[in-house]
Each structure stands twice: as structure tokens, then as C-alpha cells.
Amino acid sequence: MKELWRNRQELIERALRDELAKTDILDNTLREAMEYSLMAGGKRLRPILLMAAADAVGADGTKLLTAACALEMIHTYSLIHDDLPAMDNDDYRRGKLTNHKVYGDGIAILAGDALLTLAFTVLLRQKDVPAASLLRVVDVISRAAGAEGMVGGQVLDLQAENKAISLDELRRVHMGKTGALFHAALRSGAILGGASEQQLAALTAYADHFGLAFQITDDILDVVGNAEDIGKPVGSDEKNHKSTYVTLTSLSAAQELAQRTVDEALAALAVFGSEASFLRELVSYLVNRKQ
């Protein structure tokens, strides 16, 4: 799994740089700010999930690299905005100063905006897929990135600060803020890969469980993680008075919930054979990750 992950990370890194180079950006500072965050490394998990979903339905995920890059641009824009003083007010991301700490709030906001809008230009550069499938994916990703998904979840997250919320409310926050792009990644890869309706339903269920497991583990790492491994300070949830799966239950209960959610994700893949091995290994690895 790790070798495949590394290989695809390298493909994504090169493709992201190529896609940015194709774009006529009017200002060099804006280009630098976009590149600063886009090429700052990271797991590249969302584009890798998109490609893995295509593999699972019998396609070649590497042929969907362009669409995968578009998803990473949207994710990167969300990180730039999430780090701003008006949001989480973080100084470091992936072991580097956050975008607004280097370029200022205004340029950081605009760099995020530029990456979000560029993502849809890049998505429409995807070749060798049916036009109807690509149009369907544009709808899936735009919904997941906007008020119905990630942006809506971010609003719920802001409104939940300094408030006592229930586990159901917390899950709704994270289904939007974090889970929506995982959902979009897996559904998009499946659709572009020519999935049957049964396969699409199975990967959608996997995506929902995967997103929840990822967020619970993220909450756990904010308590027990190492800042050097994570690439940003730990304890930011406590600093921002945010409810998490740890604060609403306990560390041990959150760990148990994460494992149950992983088991549910694995069960969702029962309709697949070895072609979904990467997805099985990935979600199992998730609960033991250090970053």
C-alpha cells in the first residue's frame, strides 16, 4: 500500500506543477502564493482516493490524474482559508508557515480563490472519459466543495465554537467539512472509471465511513500527536474551544469508535475483490497513523 501511495504521490506532484504551469496567472506574487501551498507536500489523500476508486471498478486510476489534481487544488484552497485568523488562526501547516503568514491575509484569500476556480478548469481538461460522466463529476465535486458540503460544514464548525454540541451535531459538521471531499473523491473516481450502480453505492458507503474514521483519528491526534509529525501545533481544537470526538466522549471511546467505523468501511467493500485491496489497507492503516 505504502509503495503504491508513494508512487502516486510522485505522479500527483509532477502533474500539479504541470497544471499550474499551463495557467496564465496575471501576477507573480499570486502565482507564488498558489504554488507555496499547493506544492507544500502532504498526503495527497483525496486525489489518491479518486484514483483508487477507479482501480476498484476495473479502470486505470492513473489515467484520471488530471481530475485528481483538480480535487487537490480544492483541498488546498480550503486549507489556506481554514488557517486564516478569521478561522482557525494557525501559524503552521505541513511544517511550514501558513500562507497568510508569508503573503498576508489578502493574498492568501485570493490564492485560495484562484485555486478553487482553477480546479474546475483543470477538471475539464480530463481526457478520455465520457462527457456525460465528466459533467456528472463536476456536479458531484461542486456540491461537495460548496454550501452543501465543505463550506457548509465549515460554517457549522465556526458556529459550534464555544458551544456544547451533541455527537450527532458534530458528525454533521464533519460530514460537510471533512467528509464531503472524501465522498466526492471516491464517487468521482468510480463514475469516471465506469462503475456500476452497485459499485458506486458501495464506494459511497465506504467514503462516508472513511471520512468519519479520518476525522475521529484527527481529533485523537490533536490530543496525543506530535507536532513535528503532524506538521502543525497540537492542541488547536482546545485552543479554539471546539467540540471533538475526544472531548464529547473520551480518548478511549473515540479510539473504539474509530475502529468500529473502520470495520464498517471494510464491510462496505464486500462486493469487491482484490481490486479494492488498496482501499482496504488504507482505511485499516488510518486509525494507526501518526500524521
Side-chain angles (χ1 to χ4, degrees), residues 37 42-47 49-50 70-90 93 98-100 108-109 112-113 115-117 119-120 123 137-188 203-222 230 232 236-249 254 257-258 261 264-265 283 286:
S37 292
K43 294 180 282 293
R44 307 305 191 191
L45 185 53
R46 289 147 193 86
L49 283 171
L50 186 150
L71 205 60
E72 186 67 6
M73 289 178 177
I74 293 173
H75 175 56
T76 302
Y77 122 77
S78 75
L79 299 182
I80 294 173
H81 284 194
D82 201 39
D83 289 334
L84 288 164
M87 300 280 224
D88 284 352
N89 194 24
D90 282 325
R93 168 75 64 178
T98 47
N99 199 292
H100 69 276
I109 291 168
D113 293 344
L115 285 168
L116 171 61
T117 48
F120 289 96
L123 180 58
V137 165
V138 170
D139 181 66
V140 166
I141 292 177
S142 61
R143 287 174 181 269
E148 297 177 36
M150 185 175 65
V151 172
Q154 181 67 58
V155 170
L156 293 176
D157 192 40
L158 287 173
Q159 292 175 339
E161 288 183 13
N162 301 306
K163 290 182 182 178
I165 63 173
S166 69
L167 275 174
D168 284 343
E169 288 171 320
L170 181 63
R171 183 165 185 167
R172 187 163 176 254
V173 169
H174 292 308
M175 281 179 66
K177 183 179 177 182
T178 306
L181 277 194
F182 289 136
H183 190 273
L186 285 145
R187 281 185 63 85
S188 296
L203 286 168
T204 301
Y206 171 88
D208 291 339
H209 296 309
F210 182 96
L212 179 58
F214 184 91
Q215 185 58 55
I216 297 168
T217 305
D218 214 44
D219 288 351
I220 292 168
L221 286 174
D222 195 68
I230 297 171
K232 62 179 181 178
S236 62
D237 292 331
E238 182 179 4
K239 179 187 74 174
N240 292 311
H241 307 290
K242 288 187 175 182
S243 294
T244 70
Y245 287 96
V246 175
T247 62
L248 292 183
T249 58
L257 179 58
T261 308
E264 290 169 344
V283 74
L286 185 68

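As a basis for the values below, the full set of heavy atoms in this structure was taken, side chains included, without hydrogen atoms, waters or symmetry mates. In this text, all values refer to a predicted model and were calculated from it rather than measured experimentally.
Looking at heavy atoms from C-beta onward, L186 lies out of side-chain contact with T204 at the 4.5 angstrom threshold. Side chains of I74 and F120 form a contact here, defined as non-hydrogen atoms less than 4.5 Å apart. For the pair L212 and R171, the minimum side-chain heavy-atom distance is below 4.5 Å. Within the 4.5 Å cutoff, no side-chain heavy atoms of Y77 are placed close to those of T117. K177 is listed as a side-chain neighbour of D82, based on a closest heavy-atom distance under 4.5 Å. Looking at S188 and I141, their side chains come closer than 4.5 Å, going by heavy atoms from C-beta outward.
Formation of a donor-acceptor pair under 3.5 Å by the T247 side chain with backbone atoms of S243 is not found in this model. Side-chain N or O atoms of H81 include one that pairs as donor or acceptor with a backbone N or O of I109 at under 3.5 Å. Distance alone, capped at 3.5 Å, places no donor-acceptor pair between the D219 side chain and the T244 backbone.
Residues A258 and A213 share a closest heavy-atom pair of O-CB, 4.3 Å. For the pair G149 and A180, the tightest heavy-atom approach, listed with the atom from each and the gap, is CA-CB, 3.8 Å. In this structure, A185 and R46 approach most closely via the heavy-atom pair CB-O, 3.4 Å. Summarising the geometry of A254 relative to I216, their closest heavy-atom pair is O-CG2, 3.2 Å, with the distance given to 0.1 Å. When every heavy atom of V140 is checked against every heavy atom of A184, the shortest pair comes out as CG1-CA, 3.9 Å. The heavy-atom pair separating H183 from A207 by the smallest distance is CA-CB, 3.7 Å.
Considering T98, T76, D83, N99 as possible partners of R93, the one that fulfils the side-chain hydrogen bond (donor to acceptor under 3.5 Å, both in side chains) test is D83.
One finds the CD atom of Q215 at 11.5 Å from the OG1 atom of T261 (value rounded to the nearest 0.5 Å). Once rounded to the nearest 0.5 Å, the distance linking CD1 of I220 with OH of Y245 reads 11.0 Å. For the atom pair CD1 (I80) and CE (M87), the distance works out to 12.0 Å, reported to the nearest 0.5 Å. Going from atom CD of Q154 over to atom CD of Q159 covers 10.5 Å, rounded to the nearest 0.5 Å. With rounding to the nearest 0.5 Å, the separation of CG in L248 from CG in L167 is 5.0 Å. Expressed to the nearest 0.5 Å, how far CG of L71 lies from CZ of R44 amounts to 12.0 Å.
Using a 4.0 Å cut-off between charged nitrogen and carboxylate oxygen, D139 and R143 count as a salt-bridge pair.
Between F210 and Y206, the ring-plane angle classifies as tilted under the 30° and 60° cut-offs.
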